[in-house]
Amino acid sequence: MTTRTTVPALGAEGWFDPDGEPHLIGVRCATCDTYAFPPRAQWCPNPSCRGTSMEPTPLSRRGRIWSYTDAQYQPPAPFVHDGDEFTPFAIAAVELEAEGLVILGQLTPGVGVDDVAVGDEVEVVTGTLFSDDDHDHLMWRWQPVARSTERGAS
């Protein structure tokens, strides 16, 4: 009998920490304090900085919806979904005010475009994006704070 394990989905290893209170992991430039996500090691994204030392750093768990839409069609590969039939989902661009970043991600299952508005507060949770024979593939999602009842959602 094989033990199922959880792994980050779609090459997102190192992009989030699902343990404890889930959070995204970005990087901060050691020269100018500019943040970036997804993490990168090469150089600072600030065009006026020549910094090349990017330090991994946990990002704020909460932010505000900057924009949102829904995906009514199945995205192309490498997107994978559970089940035989594609289920539409909502996507939100969330502004992390402290870091000055806008990060795109799915909203939690059951939360659609009619359930959110620009400016709503959301927080990072993790959940299974899809499963295969051996693994549950995890991804971060945005969950409206008013709907938060647990530390992680599936």
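Residue indices begin at 1 and follow the sequence shown. The figures here come from the full heavy-atom set of this structure, side chains too, leaving out hydrogens, waters and symmetry mates.
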What pair of heavy atoms forms the shortest contact from C29 to C49, and how long is it? SG-SG, 3.8 Å
Among the clusters formed by ILVMFWY side chains lying less than 4.5 Å apart, do V118 and W142 turn up in the same one? yes
Salt bridge E123-R61, side-chain N to carboxylate O under 4.0 Å: yes
ILVMFWY network linking V94 to V116, side-chain heavy atoms under 4.5 angstrom: yes
If I take atom OG1 from residue T31 and atom CG from residue N46, how far apart are they, to the nearest 0.5 angstrom? 10.0 Å
Is there a path of hydrophobic side-chain contacts, each under 4.5 Å between heavy atoms, that joins M139 and L24? yes
Can you get from I65 to L101 by hopping between Ile, Leu, Val, Met, Phe, Trp and Tyr side chains that sit under 4.5 Å apart? yes
State whether the side chain of R141 and the backbone N or O of T128 hold a donor-acceptor pair below 3.5 Å, judged by distance alone. yes
When V27, I25, I103 are each screened for side chain to side chain contact (heavy atoms under 4.5 Å, CB included) with L59, the one that passes is I103
State whether the side chain of E99 and the backbone N or O of S60 hold a donor-acceptor pair below 3.5 Å, judged by distance alone. yes
Rounded to the nearest 0.5 Å, how far does CG of L138 lie from OG1 of T5? 9.5 Å
Taken to the nearest 0.5 Å, the spacing of R28 CZ from S53 OG works out to 8.5 Å
Residue pair M54 / P45, side-chain heavy-atom distance below 4.5 Å: yes
For a 4.5 angstrom cut-off between non-hydrogen side-chain atoms, does T34 reach C44? yes
Please examine the side chains of V124 and H23, heavy atoms only from C-beta on, and report whether any two atoms are closer than 4.5 Å. no
How are the rings of W15 and F37 set relative to one another: parallel (under 30°), tilted (30 to 60°) or perpendicular (over 60°)? perpendicular
Whether over 12 other heavy atoms sit under 6.0 Å from Q42 CD: yes
With the side chain counted from C-beta on, respond yes when F16 and T126 share a heavy-atom pair under 4.5 Å apart, and no when they do not. yes
Of the non-hydrogen atoms in A30 and E55, which two are nearest, and what is the gap between them? CB-OE2, 3.5 Å
Are P144 and V111 packed together at the side-chain level, in the sense that at least one heavy-atom pair is separated by less than 4.5 angstrom? yes
To the nearest 0.5 Å, what is the distance between CG on L104 and CH2 on W140? 8.0 Å
State yes or no: do W66 and Y35 share one hydrophobic cluster built from I, L, V, M, F, W and Y residues joined by side-chain heavy-atom distances below 4.5 Å, directly or via other members? no
